[in-house]
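What you are looking at is a predicted structure, and each value in this text was computed from that prediction instead of being measured.
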Number of protein chains: 2
Amino acid sequence: MNGKTPLKTRAAAKAAKKPRKRLSGEERRAQIVKVASGLFSKKGFKGTTTREIAKAAGISEAVIFKHFSRKEDLYKAIIDSRCSDNEGGPRLIGMLKGKSGREVFMTVAVYLLEEHQKDPSFMRLLTYSALEQHSLSELFLKTRAMELLGFLEDKIHELIRDGLMRDVDPALAARAFIGMVDHYSIGQELYGFKRYFRRPLEEVAESFVDIFLEGTRR
Amino acid sequence: MNGKTPLKTRAAAKAAKKPRKRLSGEERRAQIVKVASGLFSKKGFKGTTTREIAKAAGISEAVIFKHFSRKEDLYKAIIDSRCSDNEGGPRLIGMLKGKSGREVFMTVAVYLLEEHQKDPSFMRLLTYSALEQHSLSELFLKTRAMELLGFLEDKIHELIRDGLMRDVDPALAARAFIGMVDHYSIGQELYGFKRYFRRPLEEVAESFVDIFLEGTRR
DNA sequence: CTCTGGTGAGTAAGTACTTACTTTAATACG
DNA sequence: CGTATTAAAGTAAGTACTTACTCACCAGAG
């Protein structure tokens, strides 16, 4: 058992116990953001302690405060990393340009359902943020949500002008569509609906697009 | 001013400061539940302190613990008072019996939108509860949400059978409809959409019912 | 007098955040 | 090349304050 370290047992034990990886500032920062993000999404900002974050990251609390002077700053760093341009939003809008009506709505539905399914923690984070009135939801609203709704609104307007849709309120119709899709994901992930009810992602998307497009067809 | 109590100034000041209403046990209990409910819905369970509750109710913390041995018990009492049979749910389902397709969906939409607008705090409470995985959301899901969805599902099934609707997945369609309506309220209240976008309640309900019914029409 | 509704002043266990200190790795230099 | 220097990465053990929850006691209606 202790054959290797008959003497110096304390130092040896310590060394054995802690194969401590020493990370660079940037690496550690990113790790903390990732760990905290996961915890905040599960338990909320108030519900997560800096101690827990430190423990989960395998470091002492002081390290967190070397990188983020306040717990609140950690939240902001998470926002930046989650809402940064390299992932998400812009990609979707880019995918939509030049597509036909049905293709647009189908793409949006599949994209949103896939995103939620791939990473349900973001939706939780966003919802917590909205409730706790942090800026994440505000930022997300103004960058992502509004952009997508605006795009759909324009598209609907265009379809109406071209006589392909009935004369519905474009803003309301856009929200109706996003509502169907988002609310489905929220039900599955937050309210535990998936225990009672589950459909293949494509089937869900197809159904919603059908209902929406038939409902708005001229 | 102090003609009545020239002496005993301390006692007099105290008496003047606190026109303390002495409530019966039941009254006090109900008051605490009401106050706590409002605070929990604004700041969440973890985000609300017993001290805040006491202050808001104009009593000392100890009184709270005379009525509820743990903070958690207060949550349960709130659940009971919010989900009790006398208000909400059953009334809605009752209103729906024997109505035609359009009437059913219109009634549901108006009802949900009105409820959310009348008391947005319940939605917040419910959402917090779902995130924090308290039993309120579970209970609500099993009593109210499932019941309403089940009713709509049956109605849709019936309408399909009678050749009044296309052959859509009834469960999915029911969720699509509730999704449009609920998601609209959530957007308005939680994500602050109402700063940018507002429509009369009836117009919103009518639009959603239109989109849904046209979309599912045979 | 008594019993119920009410209190002020605790307590122990957290909480975010700090301080004084140690370890490690890369670099400057004799 | 090895060794002193330095600065960053890391820590244990605090601090000041908040938290849920308690307890010994009080006041006034019946």
Nearest-angstrom distance from the residue atom CZ of A:R28 to P of D:dT11: 7 Å
Could you label the plane-to-plane angle of the B:F208 and B:Y184 rings as parallel, tilted or perpendicular, counting under 30° as parallel and over 60° as perpendicular? perpendicular
Between D:dA20 (P) and B:L74 (CG): distance, integer Å: 11 Å
Taken to the nearest whole Å, CZ/A:R22 to C1'/D:dT11 is 11 Å
Between D:dA8 (C1') and A:E26 (CD): distance, integer Å: 14 Å
Sub-4.0 Å heavy-atom contacts from residues 41-60 of chain A onto DNA chain C, ordered by number: A:T48, A:T49, A:T50, A:R51
Rounded to the nearest angstrom, tell me the gap between atom CD1 in A:I64 and atom C1' in C:dT18. 14 Å
Rounded to the nearest Å, what distance is computed from the CD1 atom of residue B:I32 to the P atom of nucleotide D:dA20? 14 Å
Any salt bridge between A:R82 and A:D119, counting N to O under 4.0 Å? yes
Salt-bridge test for B:E52 and B:K43: reply yes if a basic N is under 4.0 Å from a carboxylate O, no otherwise. yes
What I want to find out is whether A:K76 reaches A:D73 closely enough, with some N-O distance under 4.0 Å, to be called a salt bridge. no
Nearest whole Å is fine: how far is C:dA16 P from A:L39 CG? 12 Å
Can you identify which nucleotide, out of D:dG10, C:dA16, C:dT7, has its nearest atom closest to the A:K66 side chain? D:dG10
Taking B:R195 first and then A:E138, would you say they form a salt bridge - that is, a charged N and a carboxylate O separated by under 4.0 Å? yes
Measure from CZ on A:F65 to P on D:dA8 and round the result to the nearest Å. 21 Å
Between B:E189 and B:K194, does any NZ, NE, NH1 or NH2 come within less than 4.0 Å of an OD or OE carboxylate oxygen? yes
Base, sugar-phosphate, or nothing for B:L23, non-hydrogen atoms under 4.0 angstrom? sugar-phosphate
Can you tell me if A:H134 and A:S129 form a side-chain donor-acceptor pair at under 3.5 Å? no
Residue B:A62, side-chain atoms from C-beta onward, closest of D:dA20, D:dT22, C:dG6: D:dT22
